[in-house]
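Have a look at this one before I ask anything.
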2 protein chains.
Amino acid sequence: MSAQSIFAPAQIGRAGEDIAMQLEAAILGEKILPGERLPSERELQTQFQCGRGVIREAIRALKQKGLVETRKGAKGGAYVKNIEMTNVGESLALFLKQQRVAPGHIVEFRESIDRVIVVLAIARASAAEKQALVAETEKLLEILKGEPPDRDSLARQDQILNISLAKMSGNPIFEWVMTAIQQGFSSHDYALYDDPEYCRKTVENWYVTALRIAENDPMKALNSISAHYGLLHRCVEKQKAEAESIPSDGG
Amino acid sequence: MSAQSIFAPAQIGRAGEDIAMQLEAAILGEKILPGERLPSERELQTQFQCGRGVIREAIRALKQKGLVETRKGAKGGAYVKNIEMTNVGESLALFLKQQRVAPGHIVEFRESIDRVIVVLAIARASAAEKQALVAETEKLLEILKGEPPDRDSLARQDQILNISLAKMSGNPIFEWVMTAIQQGFSSHDYALYDDPEYCRKTVENWYVTALRIAENDPMKALNSISAHYGLLHRCVEKQKAEAESIPSDGG
DNA sequence: TTTATTATTTGGTAGTACCATTCACCTGCT
DNA sequence: AGCAGGTGAATGGTACTACCAAATAATAAA
């Protein structure tokens with residue numbers, strides 16, 4: 001009943017934007033909580049005193065932002081949901097693609113983040129969490145034993161490890177940033193796992209790193225991280241060189 | 001003339017999504033370059049064999065992603081543009097707001113990022129850029145001389161400094177992260193500038209940091225950064241304590 | 001009580017009409 | 001010729017109506 005009179009008609013030039021903003025404000029201001037629904041399009045139409053198309057466009061914008069999801073049928077409508085990391089990641093991925101951010105930059109960023117994460121994780125994560133991390137790396141070793149190793153599984157497990165580690169930092173922002181970067185970079189990551197040599201070394205390095213973390217040895221863990229990204233960096237350089245020497249298949 | 005037959009009618013359940021995806025693919029695939037226009041809504045309507053509302057919603061989604069901007073009138077339409085960092089930042093900012101991240105976490109994250117940025121900036125930025133940074137901090141000093149200092153200007157200049165510094169790292173991802181974090185937490189930053197003591201110290205610290213960077217002295221610069229965030233952290237704690245002792249005015 | 005049918009709600013789509021804005025073009029005056 | 005002002009066309013923005021498809025609720029039938 002709270003969402004009946006909180007909206008103003010607001011009929012200026014770009015009414016759609018205005019309505020989208022009002023709805024967004026209502027959501028962020030927790031006038032409408034996650035799980036609840038916005039009034040139906042036809043109700044909003046009367047509340048805002050405008051056409052239904054405008055309402056639809058506004059809701060479309062919210063949907064794009066990940067603020068709501070829509071369902072059809074009775075009891076359908078625009079349901080407020082918690083924003084997921086994937087929305088942020090998608091957005092970043094778009095940016096990275098269009099701006100042609102060099103893989104080297106991404107590697108550099110990830111390394112710098114990871115170094116901080118490792119130190120925080122050692123200081124804050126419980127022994128159980130650290131052991132769990134080691135267990136996850138052992139899974140990675142298992143996957144590597146396959147003949148041939150399943151690249152898809154490797155990449156997925158690698159992402160899981162990165163996220164787990166980020167979680168152990170005790171600071172959610174690291175986790176989110178890592179998730180976003182991984183989404184934006186996933187295509188490259190896959191490519192890197194094509195190199196069997198890089199692949200093997202990386203997996204081994206993950207294992208060592210996890211052990212160092214479990215042993216609460218930050219300096220050695222940082223060394224492992226550096227080694228990891230050293231590998232990654234060389235691999236990126238190598239792929240770049242190859243891409244330049246074979247400039248075929250382009251559009 | 002290339003954008004006439006590249007779209008398929010594609011009339012399945014959620015046609016809007018489909019059309020948005022096709023348009024997005026066309027843009028990312030560089031079928032339509034930045035600065036160019038999408039066909040008009042009415043043209044797309046005939047190409048996709050659907051109603052104009054659907055087209056409008058699809059374009060609305062692209063607009064929300066920051067892929068296009070629309071203009072009215074003759075020669076108007078949806079123009080492809082380069083994605084700006086603020087668009088990506090908005091997405092993250094939204095997420096951070098909804099997740100109610102503790103200010104302490106943000107301070108921690110920003111410090112860790114800033115430490116890396118400073119080192120990179122010293123190594124990579126030109127002498128001119130470093131001098132420019134010093135000049136910007138001097139502006140901050142000027143603002144501080146006002147009686148009373150204009151908090152709004154201070155906060156804005158502080159943001160400019162952070163972004164400038166991030167830019168000097170030579171890695172656009174740091175710039176993005178800094179932009180995004182600032183967007184998400186401008187409110188906190190403003191609050192911090194309410195404390196005149198913190199304000200003065202911070203400004204002075206910025207100046208010292210810029211000088212250290214200009215002198216290419218990474219260790220001292222890092223010390224300044226630590227001092228900066230030490231201040232910030234104490235200020236956040238103080239405000240948190242105050243907020244807890246005065247639990248009024250809440251929703 | 002369970003199952004099948006019907007009605008209702010609600011988002012999704014199509015189409016039309018009209019308005020406001022912007023630009024290209026043309027007219028007419030100087 | 002050159003400039004001022006008007007005119008018209010293109011285009012996004014809005015309103016409205018009608019209908020479809022899906023999902024739920026209410027009702028009837030077994």
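A, B, ... follow the sequence lines: proteins, then strands. Residue 1 opens every chain.
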Original post:
Do S91(A) and N87(B) come close enough that some side-chain heavy atom pair is under 4.5 Å?
Top reply: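 Counting from C-beta outward, S91(A) and N87(B) never come under 4.5 Å.
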
Side-chain atoms of residues 71-82 of chain A: list all donor-acceptor pairs with protein atoms under 3.5 Å, sequence neighbours left out, distances to 0.1 Å.
{"residue": "Y79(A)", "atom": "OH", "partner": "K75(A)", "partner atom": "O", "Å": "2.4"}

Subject >> Candidate nucleotides dT11(D), dG12(C), dT10(C), ranked by approach to the side chain of R52(A) - the nearest >> reply: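 Of all the options, the side chain of R52(A) is nearest to dG12(C).
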
**OP:** Take atom CD1 of I19(B) and atom P of dG12(C), then tell me their distance rounded to the nearest Å.
**Re:**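 In whole Å, dG12(C) P and I19(B) CD1 are 14 Å from each other.
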
**OP:** Please name the pair of heavy atoms, one in A15(B) and one in V54(B), separated by the smallest distance, quoted to 0.1 Å.
**Re:**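 Closest approach of A15(B) to V54(B): C-CG1, 4.2 Å.
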
Subject >> Test: E136(A) and K139(A) ion pair at under 4.0 Å >> reply: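 Answer for the salt bridge query: yes.
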
Original post:
If you look at every strand shown and take non-hydrogen atoms under 4.0 Å, does G53(B) touch a base, only sugar-phosphate, or nothing?
Top reply: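 Here G53(B) touches no strand at all.
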
Original post:
If you find the nucleotide of DNA chain D closest to G76(B) and the one closest to G51(A), which residue's nucleotide is nearer the 5' end?
Top reply: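 On the 5' side of the pair lies G76(B).
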
Subject >> No-H, no-angle donor-acceptor pair, R14(B) side chain to dG11(C) base, under 3.5 Å >> reply: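 A donor-acceptor contact between them is absent.
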
Original post:
Atom CZ of R56(A) to atom P of dC16(D): distance rounded to whole Å?
Top reply: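 Rounded to the whole Å, the gap is 17 Å.
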
**OP:** Quickly work out the E57(B) CD to dT13(C) C1' distance and round it to whole Å.
**Re:**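 About 9 Å, once rounded to whole Å.
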
Subject >> From N162(B) atom CG to D114(B) atom CG, the distance as rounded to the nearest 0.5 Å >> reply: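 Rounded to the nearest 0.5 Å, the CG-CG separation comes out at 5.5 Å.
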
**OP:** Search all heavy atoms of G170(A) against all heavy atoms of H105(B) and return the closest pair with its distance.
**Re:**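 So the two residues come closest at O-NE2, 3.2 Å.
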
**OP:** Take atom CZ of F48(B) and atom P of dG15(C), then tell me their distance rounded to the nearest Å.
**Re:**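 F48(B) atom CZ is separated from dG15(C) atom P by 15 Å.
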
Original post:
Among the nucleotides dT13(C), dG12(D), dT11(D), which one has an atom lying closest to any side-chain atom of R37(B)?
Top reply: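 Looking only at side-chain atoms, R37(B) lies closest to dT11(D).
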
**OP:** Would you mind reading off the distance between Q45(B) atom CD and dT16(C) atom P, rounded to a whole angstrom?
**Re:**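 One finds 8 Å between P of dT16(C) and CD of Q45(B), rounded.
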
Original post:
Atom CG of L44(B) to atom C1' of dG13(D): distance rounded to whole Å?
Top reply: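 Rounded to whole Å, this separation is 16 Å.
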
**OP:** Could you work out which one of dA15(D), dG13(D), dT10(C) sits closest to the side chain of R42(B)?
**Re:**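 Looking only at side-chain atoms, R42(B) lies closest to dG13(D).
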
Original post:
Which of these nucleotides, dG12(C), dA15(D), dT13(C), is closest to any side-chain atom of E41(A)?
Top reply: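 Selected nucleotide: dG12(C).
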
Subject >> Under 3.5 Å donor-acceptor pair, R60(A) side-chain atoms to dG11(C) base atoms >> reply: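 Such a pair does not exist between side chain and base.
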
**OP:** Residues of residues 68-75 of chain B with any non-hydrogen atom less than 4.0 angstrom from an atom of DNA chain C: list those, numerically ordered, please.
**Re:**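 Nucleic-acid contacts, sorted: K72(B), G73(B), A74(B), K75(B).
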
**OP:** Using atom CD1 of I59(A) as one end and atom C1' of dT13(C) as the other, report the distance to the nearest whole Å.
**Re:**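 Distance, rounded to whole Å: 15 Å.
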
**OP:** Could you tell me which non-hydrogen atom of F95(B) sits nearest to which non-hydrogen atom of I83(A), and how far apart they are?
**Re:**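 Of all heavy-atom pairs spanning F95(B) and I83(A), the closest is CE1-O, 3.1 Å.
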
Subject >> Nearest-angstrom distance from the residue atom CD of Q49(B) to P of dA14(C) >> reply: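 The answer, rounded to whole Å, is 9 Å.
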
